[in-house]
Amino acid sequence: MTTMTETSARFREFKMPDVGEGLTEAEILKWFVQPGDTVTDGQVVCEVETAKAAVELPIPFDGVVHELRFPEGTTVDVGQVIIAIDVAPGSGDAPAPAAAPAQEPVEAPAAEAEPKGRTPVLVGYGVAESSTKRRPRKGVSAAPEAAAVAAAVQAELNGHAAPAAAPAPAPAPAVPAQAGAQDGGRPLAKPPVRKLAKDLGIDLATVVPTGKDGVITREDVHAAAAPAATAPVAAPAPSQAAPEAPAAAVAPASARETRIPVKGVRKAIAQAMVGSAFTAPHVTEFVTVDVTRTMKLVAELKEDKDMAGVRVNPLLIIAKALLVAIKRNPEVNAAWDEANQEIVQKHYVNLGIAAATPRGLIVPNIKDAHDKTLPQLAAALGELVTTARDGKTSPAAMAGGTVTITNVGVFGVDTGTPILNPGESAILAVGAIKLQPWVHKGKVKPRQVTTLALSFDHRLVDGELGSKVLADVAAILEQPKRLITWA
């Protein structure tokens, strides 16, 4: 924690908390306050994104914002100070903020005290095993320029820019064209940036660098190339050779490709899917079923006064059908414990619903869905979907799922082969419900038809069990009265 001499009691600092059960870092998405703003206990001051979800952070005390330690878009380690609050405003002139004290590297003794392969988190969660290589910490350094270049390169490879030295971002000052050169020699830029400049026909010596320590970034090259790509081509100066092709013919790289850093929810999705696909042996089975009677039931329930105020749709009946199928085949609701070589049978169902959000696919779950009545299940589904679309799903809401439903039919897709959510034994994919010719009572008639796909972990669910579960779901959707006779 930063020491503020003489006024230490006046200023309080708020650190990045562990908002997701052992997570070690979060990205600041948005600040809701600025220096000079008055805040009260419990007021939300910023929104951060972890590997699981976007979370709003409330400040735990009253006062006036003195300093924001990191700008928006910065990835911050758990435990670092992100904001300083003046809790006794008006008691005297505030001292000048320290130069980004939260960005100072962790001292070696503290780092050495942790066991190898484990990273520290806040009190209450113990320590977490490191699943990925942590990015190097960056601090103020008087190393030669080559070290500065290496730090900038590593920062971009890690998917984020180096933390700014000032508490808030400010426009880069004008830098002479040669500011990025090493001792008047080659401009400072890493190999991919040099290749980009060469492809665009940009002389790095003419590019104004905005990176740390005068390093030229990809954005600097694009900025230099943009005018040449959009402005009319001027006649070359007498001392210059005419270009081989008009500048407009050279399309900027940004028009051909976009590079998006893999972090936050997307990084977690990628790691989870790779881990699941190459750990659990997947088996997927399919069945096509006539759901005409289910669609009629949905229409009737929409008019039922007992369902007033809740959203009724086919997904509600499908979810209830899966819960009944699990009740009839409880062995499918389990997990594989690799460490203890055990199958963990779950006597509860936390039903996951895959939801597409602007930040990627997330799978919040309805806790103890097996105990809910149809109106309660409908209300829980509606709340889950609304919260997910608003980006307000908490990490706790996505933890502890047992079985998942993914509704790919909303995109007009017939079916798919879904990948298991890590730690779960089965996932049901629901395809689009379409009017199709179907043999009904010996005659070909137009009927509402869909295709279901059930993927399961073949280590603990064999073909017979998986087939029974899928067949039960299909039978209920074909004859919804089985929700009563089988429940």
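What you are looking at is a predicted structure, and each value in this text was computed from that prediction instead of being measured.
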Can a donor-acceptor pair be found, under 3.5 Å and without considering hydrogens, that links the side chain of [X] to the backbone of [Y]?
| X | Y | value |
| --- | --- | --- |
| N350 | D368 | yes |
| Q80 | M16 | no |
| H458 | P281 | no |
| T294 | L477 | yes |
| Q345 | P330 | yes |

Could you state the interatomic distance from [atom1] ([X]) to [atom2] ([Y]), rounded to the nearest 0.5 Å?
| X | Y | atom1 | atom2 | result |
| --- | --- | --- | --- | --- |
| I85 | E67 | CD1 | CD | 10.5 Å |
| W31 | I83 | CH2 | CD1 | 4.5 Å |
| E478 | T292 | CD | OG1 | 9.0 Å |
| F70 | T75 | CZ | OG1 | 10.5 Å |
| L428 | I405 | CG | CD1 | 5.5 Å |
| E72 | L29 | CD | CG | 8.5 Å |

According to side-chain hydrogen bond (donor to acceptor under 3.5 Å, both in side chains), does anything in residues 432-441 pair up with another residue at least two apart or in another chain? List the pairs.
D414-K434

Qualifying side-chain hydrogen bond (donor to acceptor under 3.5 Å, both in side chains) pairs with a residue from residues 323-342, counting only residues at least two apart or across chains
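Every pair satisfying side-chain hydrogen bond (donor to acceptor under 3.5 Å, both in side chains) with a residue in residues 323-342: R328-D472, N329-D472, N333-T402, W336-E338, D337-N340, E338-Q341.
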
With [X], which residues qualify under side-chain contact (heavy atoms from CB on, under 4.5 Å), at least two apart?
| X | answer |
| --- | --- |
| T417 | T284, F286 |
| R482 | A475, I476, Q479, T485, W486 |
| V363 | A354, T404, N421 |
| V44 | F32, E56 |

Start with the C-alpha gap between L301 and L374, add the side-chain angles, then the distance that decides, and say whether side-chain contact (heavy atoms from CB on, under 4.5 Å) holds.
CA-CA 10 Å; L301 288 175; L374 196 64; 3.8 Å; yes

What heavy-atom pair brings [X] and [Y] nearest, and what distance separates the two atoms?
| X | Y | value |
| --- | --- | --- |
| A335 | G423 | CB-O, 3.5 Å |
| P480 | R293 | CD-CB, 3.7 Å |
| M398 | T393 | CG-CG2, 3.9 Å |
| P418 | G416 | CD-O, 3.3 Å |
| L377 | A369 | CD1-CB, 4.4 Å |
| S455 | L420 | O-CD2, 3.6 Å |

Could you go through the side chain to side chain donor-acceptor pair (under 3.5 Å) check for T387 and D390 one step at a time?
CA-CA 5 Å; T387 303; D390 291 342; over 6 Å; no

Residues that [X] engages under side-chain hydrogen bond (donor to acceptor under 3.5 Å, both in side chains), provided they are two or more places apart:
| X | answer |
| --- | --- |
| T288 | T451 |
| D41 | none |
| D62 | none |
| T373 | Q376 |

Considering only heavy atoms from C-beta outward, does the side chain of [X] approach that of [Y] to under 4.5 Å?
| X | Y | result |
| --- | --- | --- |
| V403 | V332 | no |
| R69 | V76 | no |
| L452 | T415 | no |
| V78 | E25 | no |
| I366 | E383 | no |
| L68 | P35 | yes |
| T217 | T210 | yes |
| V449 | V291 | no |

Given side-chain contact (heavy atoms from CB on, under 4.5 Å), test N365 with L351 step by step and report yes or no.
CA-CA 5 Å; N365 59 76; L351 182 61; 5.8 Å; no

Can you give each donor-acceptor pair under 3.5 Å made by side-chain atoms of residues 306-326, sequence neighbours left out, with the distance rounded to 0.1 Å?
residue: N313; atom: OD1; partner: L315; partner atom: N; Å: 3.3
residue: N313; atom: OD1; partner: L316; partner atom: N; Å: 3.1
residue: K320; atom: NZ; partner: K372; partner atom: O; Å: 3.1

Any pair counted as salt bridge (charged side-chain N to carboxylate O under 4.0 Å, His left out), so long as it reaches residues 445-458, sequence neighbours left out
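Salt bridge (charged side-chain N to carboxylate O under 4.0 Å, His left out) check on residues 445-458 returns D290-R447, D457-R459.
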
Pair K296-E300, salt bridge (charged side-chain N to carboxylate O under 4.0 Å, His left out): steps then yes or no
CA-CA 6 Å; K296 290 181 179 179; E300 293 172 0; over 6 Å; no

Are more than 12 heavy atoms, taken from residues, nucleotides or ligands other than K468, located less than 6.0 Å from that residue's NZ atom?
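At most 12 heavy atoms, drawn from other residues, nucleotides or ligands, come within 6.0 Å of this atom.
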
